[in-house]
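Here is the structure we will look at, set down as structure tokens.
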Amino acid sequence: MILALAGTFLLSTHGNPGTLALTPTTLAWGSVAALTLATYTLLPARLIAAYGAELVVGYGLVIAGVGVGLVGRVWRYSITWTPDVILAMTITVILGTAVAFTAYLWGVNRIGPVRASLVGCIEPIAATVFSALVMGSAYTGADIAGMSLIIGAVVSICAVDLVRARRVRQ
């Protein structure tokens, strides 16, 4: 946890505790994302154990879809339903949402919420690497050190789990 926190500190301050490298909007959305990640990782643990990830994700998506649809009043917008739009919507809903959340919650059920959250920390780092490769984004030495610390946290927890699993087998 210390490695992950130190990495986050370096990414958000570039190593200078007197400055914040994030805009207030970025900090606010990041905080909301962290809160929702913790919520959907920890909250459904008993439900998943009892009913399985697929059913929990299915009901969760239906409830969220109805809630967002009502709040956003989706009936006010007109959509031209071309085959391309239908295909894109289907792929987004099935692969980008249902399969992704089901796989994540299945992993949470198998490896536990703490380890799943730490492994999930690799996703923003992968996005950062791709943004550097594809978009040409530049990163400081502190950013790279922060990413390395976060990856080190994930690797160390996985290594500890591997050692524990081997001890149990012996």
Side-chain angles (χ1 to χ4, degrees), residues 1-45 47-48 53 56-57 60-74 76-77 88-89 91-161:
M1 293 305 280
I2 292 170
L3 289 175
L5 288 172
T8 303
F9 169 78
L10 285 174
L11 284 171
S12 60
T13 64
H14 294 302
N16 183 353
T19 64
L20 189 61
L22 308 172
T23 65
T25 303
T26 303
L27 185 61
W29 279 111
S31 299
V32 169
L35 179 64
T36 56
L37 173 67
T39 301
Y40 80 72
T41 299
L42 298 173
L43 214 65
L47 289 173
I48 292 168
V56 172
V57 168
L61 291 176
V62 167
I63 292 167
V66 169
V68 168
L70 291 173
V71 170
R73 297 183 287 189
V74 295
R76 297 182 320 164
Y77 303 100
M89 182 76 81
I91 289 171
T92 300
V93 168
I94 292 173
L95 289 179
T97 306
V99 171
F101 279 125
T102 302
Y104 179 76
L105 291 176
W106 178 80
V108 168
N109 193 35
R110 299 218 10 139
I111 66 172
V114 173
R115 279 179 250 136
S117 296
L118 284 172
V119 171
C121 291
I122 292 175
E123 184 268 330
I125 293 171
T128 302
V129 169
F130 284 121
S131 75
L133 294 174
V134 176
M135 306 295 287
S137 301
Y139 298 97
T140 67
D143 294 333
I144 293 167
M147 288 183 256
S148 299
L149 287 171
I150 292 171
I151 291 170
V154 173
V155 169
S156 65
I157 286 187
C158 292
V160 167
D161 286 346

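Going from atom CG of Asn16 over to atom CG of Leu10 covers 11.0 Å, rounded to the nearest 0.5 Å. Separation of atoms CG (Leu149) and CD1 (Ile2) is listed at 11.5 Å; rounding is to 0.5 Å. The CG atom of Leu61 sits 7.0 Å away from atom OG1 of Thr102, with the distance rounded to the nearest 0.5 Å. With rounding to the nearest 0.5 Å, the separation of OG1 in Thr23 from CH2 in Trp29 is 12.0 Å.
Between the side chain of Thr13 and the backbone N or O of Gly18 there is no donor-acceptor pair closer than 3.5 Å. Using modelled atom types, no side-chain atom of Thr97 and backbone atom of Ile94 make a donor-acceptor pair closer than 3.5 Å.
For Ala132 against Tyr139, the heavy-atom pair with the smallest separation is CB-CE1, 3.7 Å. Considering every non-hydrogen atom in both Ala142 and Gly15, the closest pair reads CB-N, 4.0 Å. Closest approach of Ser156 to Ala153, counting heavy atoms only: OG-O, 2.9 Å. In this structure, Ala21 and His14 approach most closely via the heavy-atom pair CB-CD2, 3.0 Å.
Residues Thr140 and Asp143 have side chains that bring a donor and an acceptor to within less than 3.5 angstrom of each other.
Atom CG of Leu70 is surrounded by more than 12 heavy atoms from other residues, nucleotides or ligands within 6.0 Å.
Just one residue in the list Val155, Thr8, Leu3 forms a side-chain contact (heavy atoms from CB on, under 4.5 Å) with Ile150, and that residue is Thr8.
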